[in-house]
Trainee: 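Dropping the structure in here first, questions after.
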Amino acid sequence: MSTTEKKRASRKKKDPDAPKRSLSAYMFFANENRDIVRAENPGISFGQVGKLLGEKWKAMSSEDKTPYETKAEADKKRYEKEKAEYAKKNSA
DNA sequence: CATGTGATTGTTTCC
DNA sequence: GGAAACAATCACATG
């Protein structure tokens, strides 16, 4: 059972405040790719873009996606803060 | 202490 | 507005 399956199978709520998580390197990468991919593939369908995106994502060199991971790191800290308040008010 | 678990994040296009 | 492909994540909770 891969967690991946469950994710798609069902995603229910959890905490009342749900400090959410942080973004993923993919999110930052996609931000740039959405411009590029769609720009290079004018008029392609969702199924193609979505897939094409992922393929290229990994296609890049680890160092190339580094800038995205870097952002992911910063975003993570953002979540840390959210959780901090959430936990705080929760404790209270 | 070690493990996995689940929830989440954002994009694209489409009706 | 929601749905799936695409990937990462990773802090949280638990035994």
Side-chain angles (χ1 to χ4, degrees):
Chain A
M1 280 270 195
S2 313
T3 47
T4 329
E5 285 188 49
K6 297 169 171 243
K7 296 141 86 116
R8 276 139 168 136
S10 61
R11 18 179 240 281
K12 36 182 191 215
K13 297 162 55 157
K14 65 190 272 289
D15 292 294
D17 296 271
K20 327 286 192 168
R21 310 182 35 74
S22 43
L23 272 68
S24 275
Y26 197 86
M27 303 299 107
F28 311 99
F29 154 89
N31 267 272
E32 296 264 306
N33 307 80
R34 91 199 145 179
D35 300 54
I36 317 302
V37 175
R38 206 181 151 210
E40 302 219 308
N41 307 277
I44 65 176
S45 341
F46 165 32
Q48 276 58 261
V49 179
K51 253 170 137 171
L52 180 74
L53 249 161
E55 285 180 63
K56 292 209 172 176
W57 163 243
K58 284 190 180 164
M60 316 173 80
S61 307
S62 311
E63 291 85 51
D64 289 316
K65 68 179 207 134
T66 283
Y68 311 101
E69 292 179 331
T70 304
K71 261 205 135 201
E73 263 187 82
D75 193 283
K76 178 208 141 285
K77 288 172 187 150
R78 178 118 249 93
Y79 166 80
E80 276 187 65
K81 193 177 70 150
E82 292 175 50
K83 176 188 55 123
E85 287 180 56
Y86 156 79
K88 185 174 168 227
K89 80 180 283 259
N90 244 267
S91 210

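All heavy atoms count here, side chains included; hydrogens, waters and symmetry mates do not. Each chain gets a letter, A, B and so on, in the order its sequence line appears, and its residues count up from 1.
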Trainee: The side chain of R21(A) is closest to which nucleotide in this list: dA8(C), dT11(B), dT8(B)?
Mentor: dT8(B)
Trainee: According to salt bridge (Lys or Arg N to Asp or Glu O under 4.0 Å), who are the partners of K56(A), at least two apart in sequence or on a separate chain?
Mentor: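 K56(A) satisfies salt bridge (Lys or Arg N to Asp or Glu O under 4.0 Å) with E40(A) only.
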Trainee: Nearest heavy atom decides the nucleotide; on that basis, is G50(A) or S22(A) closer to the 5' end of DNA chain B?
Mentor: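 The residue whose closest nucleotide sits nearer the 5' end is S22(A).
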Trainee: Would you kindly give the CE-to-C1' distance between M27(A) and dT12(B), to the nearest whole Å?
Mentor: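 Rounded to whole Å, this separation is 11 Å.
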Trainee: Please report the distance, rounded to the nearest Å, between NZ in K71(A) and P in dA8(C).
Mentor: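 Rounded to the whole Å, the gap is 18 Å.
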Trainee: Return the value, rounded to whole Å, for the distance between atom CD1 of I44(A) and atom C1' of dC14(B).
Mentor: 13 Å
Trainee: Test your reading of the model: is there a side-chain donor-acceptor pair from D75(A) to the backbone of K71(A), 3.5 Å cut-off?
Mentor: no
Trainee: Whole Å only: how far is the CZ atom of R34(A) from the P atom of dT12(B)?
Mentor: 5 Å
Trainee: Round to a whole Å and report the spacing from NZ of K81(A) to P of dA11(C).
Mentor: 16 Å
Trainee: Taking only side-chain N and O atoms of K58(A), does any of them lie within less than 4.0 angstrom of OP1 or OP2 on dC6(C)?
Mentor: no
Trainee: Give the nucleotide from the list dT11(B), dT9(C), dC6(C) with an atom nearest to the side chain of N31(A).
Mentor: dT11(B)
Trainee: Return the 5'-most residue of the pair D75(A), V49(A) with respect to DNA chain B, ranking by each residue's nearest nucleotide.
Mentor: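 Counting from the 5' end, the first nearest nucleotide belongs to D75(A).
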Trainee: Please state how far atom CZ in R78(A) lies from atom P in dA11(C), giving the value in whole angstrom units.
Mentor: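 These atoms are roughly 15 Å apart.
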Trainee: Over all heavy atoms of both residues, which pair between M27(A) and N31(A) is shortest? Give the atoms and the distance, please.
Mentor: O-ND2, 2.5 Å
Trainee: Considering residues at least two apart in sequence or located in another chain, which fulfil the side-chain contact (heavy atoms from CB on, under 4.5 Å) criterion with T66(A)?
Mentor: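 Once residues adjacent in sequence are excluded, the partners of T66(A) under the side-chain contact (heavy atoms from CB on, under 4.5 Å) criterion are E63(A), E69(A), T70(A).
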Trainee: Round to the nearest Å and state the distance from Q48(A) atom CD to dA5(C) atom P.
Mentor: 12 Å
Trainee: What's the CH2-C1' distance between W57(A) and dA8(C), to the nearest Å?
Mentor: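 The answer, rounded to whole Å, is 8 Å.
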Trainee: Where along residues 59-68 of chain A does a heavy atom come under 4.0 Å from DNA chain C, residue by residue in number order?
Mentor: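 Going residue by residue through residues 59-68 of chain A, none turns out to have a heavy atom under 4.0 Å of DNA chain C.
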Trainee: Closest nucleotide of DNA chain C for L23(A) versus for G47(A): which of these residues is on the 5' side?
Mentor: G47(A)
Trainee: Nearest nucleotide by nearest heavy atom, which residue falls closer to the 5' end of DNA chain C, E73(A) or L52(A)?
Mentor: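 That would be L52(A).
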Trainee: Can you tell me which nucleotide in dT9(C), dA5(C), dG10(B) comes closest to the side chain of Y26(A)?
Mentor: dG10(B)
Trainee: Treating Ile, Leu, Val, Met, Phe, Trp and Tyr as nodes and any side-chain heavy-atom pair under 4.5 angstrom as an edge, say whether L53(A) and M60(A) lie in one connected cluster.
Mentor: yes
Trainee: On a heavy-atom basis, which atom in Y68(A) and which in F28(A) lie closest, and how many Å separate them?
Mentor: O-CD1, 3.4 Å
Trainee: How far apart are the closest heavy atoms of A72(A) and A25(A), and which atoms are they?
Mentor: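 Closest approach of A72(A) to A25(A), heavy atoms only: CB-N, 3.8 Å.
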